[in-house]
Protein chains: 2
Amino acid sequence: MVEEALTAERILEAAEEVLRRFGPAKATVVDVARALGVSHGSVYRHFPSKTALRDAVAERWLTRVSKPLAEVAAEKGPAPERLRRWLGLLFELKRKKARDEPELFATYTNLVADARDVVRVHVETLAMQVARILTDGVEQGEFTLDDPVTSAWAVFHATARFHNPIHASEWSDPGIDAAFEGVWSLLRGGLGAREAPAKARAKPSKK
Amino acid sequence: MVEEALTAERILEAAEEVLRRFGPAKATVVDVARALGVSHGSVYRHFPSKTALRDAVAERWLTRVSKPLAEVAAEKGPAPERLRRWLGLLFELKRKKARDEPELFATYTNLVADARDVVRVHVETLAMQVARILTDGVEQGEFTLDDPVTSAWAVFHATARFHNPIHASEWSDPGIDAAFEGVWSLLRGGLGAREAPAKARAKPSKK
DNA sequence: AGACTGACAGATGTTGACTTTTGTCATCGC
DNA sequence: GCGATGACAAAAGTCAACATCTGTCAGTCT
């Protein structure tokens with residue numbers, strides 16, 4: 001009988017399923033191995049530690065968050081509206097994960113608390129997406145900014161309440177959407193947002 | 001021999017000292033009573049529960065935070081500079097507390113996690129101080145705002161990273177002051193900050 | 001009579017013996 | 001030889017017996 005080869009990919013799928021079922025507190029490497037019908041020693045042939053396995057699961061999962069955001073960031077339209085949609089989508093995605101996949105979300109929250117590398121990379125990816133939108137906006141004359149990267153981080157910090165899982169318990173507060181509106185409107189002003197001048201549409205003027 | 005009467009005030013002092021020594025996890029009502037040389041039953045004559053006692057200690061402590069801030073909020077000078085100083089002082093005070101009084105700070109962090117009333121009042125007090133500065137700024141023609149109270153809350157949410165104790169572990173990061181600068185500069189723009197027009201100094205124009 | 005006590009019940013926390021889990025590695029089978 | 005195994009040591013987690021703590025109240029002292 002042909003057994004399917006044990007690959008990192010298959011382990012990740014099984015691990016995600018096990019995490020989804022038992023949560024980060026109860027899921028063990030033995031559970032993952034059992035789901036695959038192998039010994040737990042075999043899992044250690046593909047991942048150096050349980051932590052590495054958990055990080056890898058989280059990384060896949062975080063990529064599924066940042067991919068739709070990357071699409072928005074790469075759009076061509078007006079930057080202020082795009083940034084608004086991007087931030088709204090980020091908040092919406094995180095909230096949805098927290099609601100619909102509480103066990104995987106708990107795994108992510110643990111990673112954030114540990115300040116693990118996966119999270120740093122994820123956050124940097126997102127900040128660079130914001131920076132891209134801001135740069136577009138500056139080129140299109142819609143934003144007034146000295147340094148889009150610094151501003152991108154500032155936007156990220158200022159909206160922490162709406163995407164950092166440490167604040168997840170506040171996401172069901174009744175006033176949270178109004179709070180988001182308030183912060184957004186402050187940020188839009190802080191970025192010097194205005195209608196793109198018609199001339200800038202055709203060809204951005206120098207500097 | 002004349003024993004000093006057992007008052008709520010004396011209990012609070014002893015409780016604060018006990019909390020400072022043992023932290024919120026280890027301090028007991030019996031410890032507080034022992035420090036005062038009375039039975040723990042007597043403490044319950046003045047506070048209905050351990051929680052109420054802890055809240056009362058935290059309230060005293062939080063007042064010591066918000067009082068110097070209230071002084072800054074009540075100053076007369078230019079509002080943008082005043083807001084900047086107010087936010088900087090808030091951040092500085094919280095960081096100092098976290099560094100110098102870790103046990104009392106842990107008590108406060110627990111209260112925040114429990115979403116207790118004392119904290120809600122503290123946060124509302126602070127937001128109203130911000131609102132006051134913003135209102136002054138609008139009257140002096142230094143800010144452009146539809147609704148200073150909404151903006152005050154937005155400022156508060158956007159700066160959560162720099163005063164919410166849930167983020168205390170990030171306050172020793174090397175980049176934290178730069179992050180604060182970045183967020184501040186975004187906020188200042190978002191408030192429509194500008195030099196106060198000379199005419200406004202004498203008498204604010206209507207609306 | 002009112003402030004305080006101390007014994008008490010139920011809730012909460014601690015301890016330590018025991019179980020499970022993580023991670024390693026010599027060995028196996030294809 | 002390569003991937004997998006399973007026996008093993010060390011680390012971490014469980015759980016029940018035990019200890020402490022919270023909150024109450026009948027009763028003492030002044």
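Just so you know, these numbers use all the heavy atoms, side chains as well, and skip hydrogens, waters and symmetry mates.
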Evaluate E16(B) against R20(B) for side chain to side chain contact (heavy atoms under 4.5 Å, CB included), listing each step before the verdict. CA-CA 6 Å; E16(B) 181 165 329; R20(B) 200 188 298 279; 2.8 Å; yes
Record whether the side chain of H40(A) comes under 3.5 Å of the base of dG23(C) through a donor-acceptor pair of N or O atoms. yes
Minimum heavy-atom separation for A56(A) to L12(A), with atom names? CB-CD2, 3.5 Å
Calculate the interatomic distance between F47(A) atom CZ and dT24(C) atom C1'; express it in whole Å. 18 Å
Closest non-hydrogen atom pair, A15(B) against V32(B): CA-CG2, 3.9 Å
Value in whole Å for how far the P atom of dG23(C) lies from CZ of R54(A): 10 Å
Send over the distance from L6(B) CG to dG2(C) P, rounded to a whole Å. 17 Å
Do E170(A) and R161(A) make a side-chain contact, defined as non-hydrogen atoms from C-beta onward lying under 4.5 Å apart? yes
Name every donor-acceptor pair, under 3.5 Å, that has one atom in a side chain of residues 95-102 of chain B and the other anywhere in the protein, sequence neighbours excluded.
from    : atom 1 : to      : atom 2 : distance (Å)
R95(B)  : NH2    : D177(B) : OD1    : 2.9
E101(B) : OE1    : W61(B)  : NE1    : 2.7

Do the side chains of T125(A) and L62(A) get nearer than 4.5 Å, heavy atoms only? no
Rounding to 10°, can you tell me the angle the first-five-pair axis of the helix from dA1(C)-dT30(D) to dC30(C)-dG1(D) makes with its last-five-pair axis? 10°
Taking the side chain as C-beta and beyond, is there a heavy-atom pair between R116(A) and H122(A) under 4.5 Å? no
Select one nucleotide: of dT22(C), dT22(D), dG6(C), the one nearest the side-chain heavy atoms of K50(B). dT22(D)
Once hydrogens and angles are ignored, does a donor-acceptor distance under 3.5 Å link the base of dA3(C) to the side chain of R45(B)? no
Regarding T28(A) and D31(A), do their side chains bring together a donor and an acceptor under 3.5 Å, going by distance alone? yes
For the side chain of S42(A), counting heavy atoms from C-beta on, which of dA4(D), dT24(C), dC4(C) is nearest? dA4(D)
Can we call the ring centroids of F156(A) and H163(A) under 6.0 Å apart? yes
Check DNA chain D against residues 12-38 of chain A and give the residues with a non-hydrogen atom under 4.0 Å, in numerical order. K26(A), V38(A)
From dA4(D), dC4(C), dG23(D), nucleotide with atom closest to Y44(B) side chain: dG23(D)
Atom-pair distance (CG on L53(B); P on dC21(D)), nearest Å: 15 Å
